[in-house]
*Asks:* 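Encoded as structure tokens, here's the structure I'll be asking about.
All ligand and atom numbering here is 1-based and tracks the order in the structure. Only this structure's heavy atoms are used, side chains among them; waters, hydrogens and symmetry mates stay out. This is a predicted model, so every value here is computed, not measured.
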Amino acid sequence: MNKPKGLLLVVSGPSGAGKGTICGLLRKALPDLAYSVSVTTRAPREGEVDGKDYFFKTVSQVKDMIFRGELLEYAQVYGNYYGTPKPYVMGLLNEGRDVLLEIDVQGALQIKKVFPDGVFVFVVPPTLSELRARIYNRGKDTEEVIEKRLKEATHELRYASKYDYIIVNDIAEKAAGRVLTLLEAERYRAGRTYFIIDKILDGPEK
Ligand code: 5GP
């Protein structure tokens with residue numbers, strides 16, 4: 001009997017949509033969901049821990065990883081490299097563990113080519129003015145940077161059509177609840193549960 005592979009959950013969305021908060025809530029609700037820690041060349045932010053938030057690398061280290069085929073996908077976001085370590089994710093999926101990737105649109109599209117049966121979720125803000133308020137409230141961005149991020153966000157929103165699900169993040173807890181619901185449904189897909197048929201057929205007749 002084939003052991004079922006883990007489910008790959010990919011979450012993207014424009015900056016300020018709140019995908020980080022939603023992923024945090026999902027991880028709390030699903031302690032068995034493994035989180036893939038990405039590599040990045042950007043500098044750590046205050047409070048970020050190497051190996052927990054990201055593996056912080058130099059550009060040449062990341063280029064070496066790319067050359068050696070150690071990244072499942074990679075992209076340049078806001079001038080820095082970001083990538084998903086391949087052996088970690090493949091190992092977990094082969095063990096039957098579910099894995100969460102919180103990555104940008106470019107990375108998600110690369111993953112979709114390799115894992116078409118992954119679950120691709122795009123998180124959006126309820127309105128652009130709400131997005132503006134969130135970007136504004138979270139830090140010291142200048143008006144110019146906020147405008148730039150908003151422009152990027154409106155561009156990124158168009159990529160939502162490439163995903164399986166669009167989740168509106170009005171209230172983070174509710175939005176996370178919606179993702180939990182769709183994950184539950186995804187688990188019953190015939191392609192993921194077919195091993196049950198083998199089990200039934202191999203089992204005792206009465
Ligand atoms: P931040 O620097 O704010 O943590 O992340 C910036 C962007 O990079 C976010 O959209 C985040 O989802 C994305 N990102 C984080 N890790 C990866 C990764 O491994 N691959 C890709 N393609 N994007 C990533």
*Asks:* Using the side chain to side chain contact (heavy atoms under 4.5 Å, CB included) rule, take Arg149 and Tyr78 through it: C-alpha gap first, then chi angles, then the decisive distance, then the call.
*Replies:* CA-CA 10 Å; Arg149 289 197 171 231; Tyr78 305 122; 4.1 Å; yes
*Asks:* Keeping to residues at least two apart or across chains, list the salt bridge (Lys or Arg N to Asp or Glu O under 4.0 Å) pairs with something in residues 119-137.
*Replies:* Glu130-Arg134, Arg132-Glu147
*Asks:* Which residues pass the side chain to side chain contact (heavy atoms under 4.5 Å, CB included) test with Arg158, sequence neighbours left out?
*Replies:* none
*Asks:* Would the number of heavy atoms belonging to other residues, nucleotides or ligands and lying under 6.0 Å from OH of Tyr74 be above 12?
*Replies:* no
*Asks:* Non-hydrogen atoms closer than 4.0 Å to ligand 1: which protein residues do they belong to? List them by chain and number, please.
*Replies:* Lys19, Ser38, Arg42, Arg45, Tyr54, Glu73, Ala75, Val77, Tyr82, Gly83, Thr84, Glu102, Ile103, Asp104, Gly107
*Asks:* Sorted by first residue and then second, give each salt bridge (Lys or Arg N to Asp or Glu O under 4.0 Å) pair with at least one member in residues 100-114; sequence neighbours left out.
*Replies:* none
*Asks:* Could you give the distance from CG (Leu128) to CD1 (Ile135), rounded to the nearest 0.5 Å?
*Replies:* 9.5 Å
